[in-house]
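Because the structure is a prediction, the values reported are computed rather than measured.
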Amino acid sequence: MIVKNAKAGPLLYGFLVAVLAASVFPLYYSFIVASKDNSVLGEKVPPLVPGGNLAENITRVFDTVDFWLAMQNSFIVASTVAISNVVLGTLAGFAFARLRFRGRDSLFLVVLGTAMVPTQLGVIPLYMLMSDLDWYGTLQAVIVPVLIGSFAVFWMRQACEETVPYELIEAARVDGCSVLRTFWHVGFPAVRPQAAVLGMFTFMTAWNDFFWPLIVLDPNDSPTVQVALSTLASGYYTDYSLMLAGASIAVLPVIAIFVLLSRQIVGGIMQGAVKG
C-alpha cells in the first residue's frame with residue numbers, strides 16, 4: 001500500500017542528522033589535527049576547535065615531498081581510468097544488454113568471473129609484464145591494467161537493460177542507424193546518470209588506490225597522492241599533524257568531483273522525469 005502525503009517525523013530527521021555527524025566527524029577531526037601541532041594527540045580532552053598551524057603544516061607537506069607532482073599524477077591516473085571505464089563500460093554494457101550475438105551470456109559470465117579473482121593473485125605476473133614492457137616507474141603501468149573493469153561492464157549492462165527498451169533500438173535500425181549511432185543517440189543519453197555515477201565511483205577508487213601504485217611506481221620520481229602520504233607517515237616518528245595536513249589536501253579534489261558529478265546526476269534524473 002502506498003501512503004500519500006507522508007511526512008518525515010522528528011525521529012527520522014534526528015537519525016539522519018546523527019548519521020551525517022558520524023560521517024563528517026572523522027574528516028573534521030582530521031582537519032583539526034592538521035591545524036595544530038603533534039602534541040594535540042596527547043591531550044586528555046580532544047579539541048573540537050581548529051588551531052592556527054594549518055598553513056605551516058601545509059607548507060611542511062610540500063617541503064617534505066613533491067606533493068604537487070603526486071596530485072598531478074593522481075589526477076592524470078584517476079581521470080584517464082574514469083573516462084576509460086565510462087566509455088568502454090557503457091559500450092560493453094550496451095552490447096551485452098541489447099545486442100544479440102552468439103556466446104553473449106557465456107562471455108558475460110566470464111567477465112563476472114574475473115571479479116571473483118583476488119587482486120593479490122595477479123600482482124606478480126602483472127609486475128613481471130610491466131617489467132618486460134619497461135613500464136616500471138611510469139604512469140601507464142598504473143593506468144593500463146584498470147582501463148576497464150568487470151564492475152563497470154556489469155553496472156552499465158544493468159543500466160541499459162532498465163532504461164533502453166528494444167523498441168527504440170529497432171526504431172533506430174529502421175531509420176538506418178548503425179550500431180554506434182544507435183548507441184550514441186539512443187543508448188548513451190538514457191544511461192547518462194548511471195554513467196556519471198560510474199565515473200564518480202571509478203575516479204574515487206583510482207584516486208584512493210595505494211597497493212598497486214606503491215609496487216609499480218618509484219616513490220621518489222613518480223608518486224601518486226597515496227604513495228606520497230605513505231612517505232609522510234614513514235619513519236621512526238610519525239608526525240600526525242603533517243600526515244593529516246597532506247590528507248586534508250588530498251581529499252579536496254575527490255570532494256570537488258563528487259559535488260560536480262552529483263549535480264549532473266540530479267540534473268539528468270530531473271530532465272528524464274520532465275520528459276517522461
Ile76: hydrophobic cluster co-members (side-chain, 4.5 Å): Val77, Val81, Val123, Leu126, Tyr127, Leu129, Met130, Leu133, Trp135, Tyr136, Leu139, Val142, Ile143, Val144, Val146, Leu147, Phe211, Trp212, Ile215, Val216, Leu217
Solution key, residues 240-256 side-chain donor-acceptor pairs under 3.5 Å, sequence neighbours excluded:
{"unit_1": "Ser241", "atom_1": "OG", "unit_2": "Val33", "atom_2": "O", "d": "3.2"}
{"unit_1": "Ser241", "atom_1": "OG", "unit_2": "Lys36", "atom_2": "O", "d": "2.9"}
{"unit_1": "Ser241", "atom_1": "OG", "unit_2": "Asp37", "atom_2": "O", "d": "3.1"}
{"unit_1": "Ser241", "atom_1": "OG", "unit_2": "Asn38", "atom_2": "N", "d": "3.3"}
{"unit_1": "Ser248", "atom_1": "OG", "unit_2": "Leu244", "atom_2": "O", "d": "2.8"}

Side-chain hydrophobic cluster, 4.5 Å single linkage: members besides Val24: Leu20
Ring pair (Phe, Tyr, Trp, His ring centres under 6.0 Å) partners of residues 31-54, not counting sequence neighbours, each pair once: none
Phe154: partners by ring pair (Phe, Tyr, Trp, His ring centres under 6.0 Å), with sequence neighbours left out: none
Under the ring pair (Phe, Tyr, Trp, His ring centres under 6.0 Å) test, residues paired with Phe151 that sit two or more places apart: Trp155, Phe201
Can you give me every donor-acceptor pair (side chain of residues 160-177, partner residue at least two apart or in another chain, under 3.5 Å) with its distance?
{"unit_1": "Glu161", "atom_1": "OE2", "unit_2": "Arg157", "atom_2": "NH2", "d": "3.1"}
{"unit_1": "Thr163", "atom_1": "OG1", "unit_2": "Ala159", "atom_2": "O", "d": "2.7"}
{"unit_1": "Tyr166", "atom_1": "OH", "unit_2": "Ala97", "atom_2": "O", "d": "3.3"}

Partner residues of Asp239 under the salt bridge (Lys or Arg N to Asp or Glu O under 4.0 Å) criterion, sequence neighbours left out: Arg60
Ignoring hydrogens and angles, write down the donor-acceptor pairs under 3.5 Å from the side chains of residues 222-229, residues two or more places apart or on other chains.
{"unit_1": "Ser222", "atom_1": "OG", "unit_2": "Gly137", "atom_2": "O", "d": "2.9"}
{"unit_1": "Gln226", "atom_1": "NE2", "unit_2": "Trp207", "atom_2": "O", "d": "3.3"}

Set of side-chain contact (heavy atoms from CB on, under 4.5 Å) partners for Pro125, sequence neighbours left out: none
Summary of salt bridge (charged side-chain N to carboxylate O under 4.0 Å, His left out) pairs that have at least one residue in residues 93-122, sequence neighbours excluded: none
Any residue meeting side-chain contact (heavy atoms from CB on, under 4.5 Å) with Ser23, in chain and number order, not counting sequence neighbours: Val19
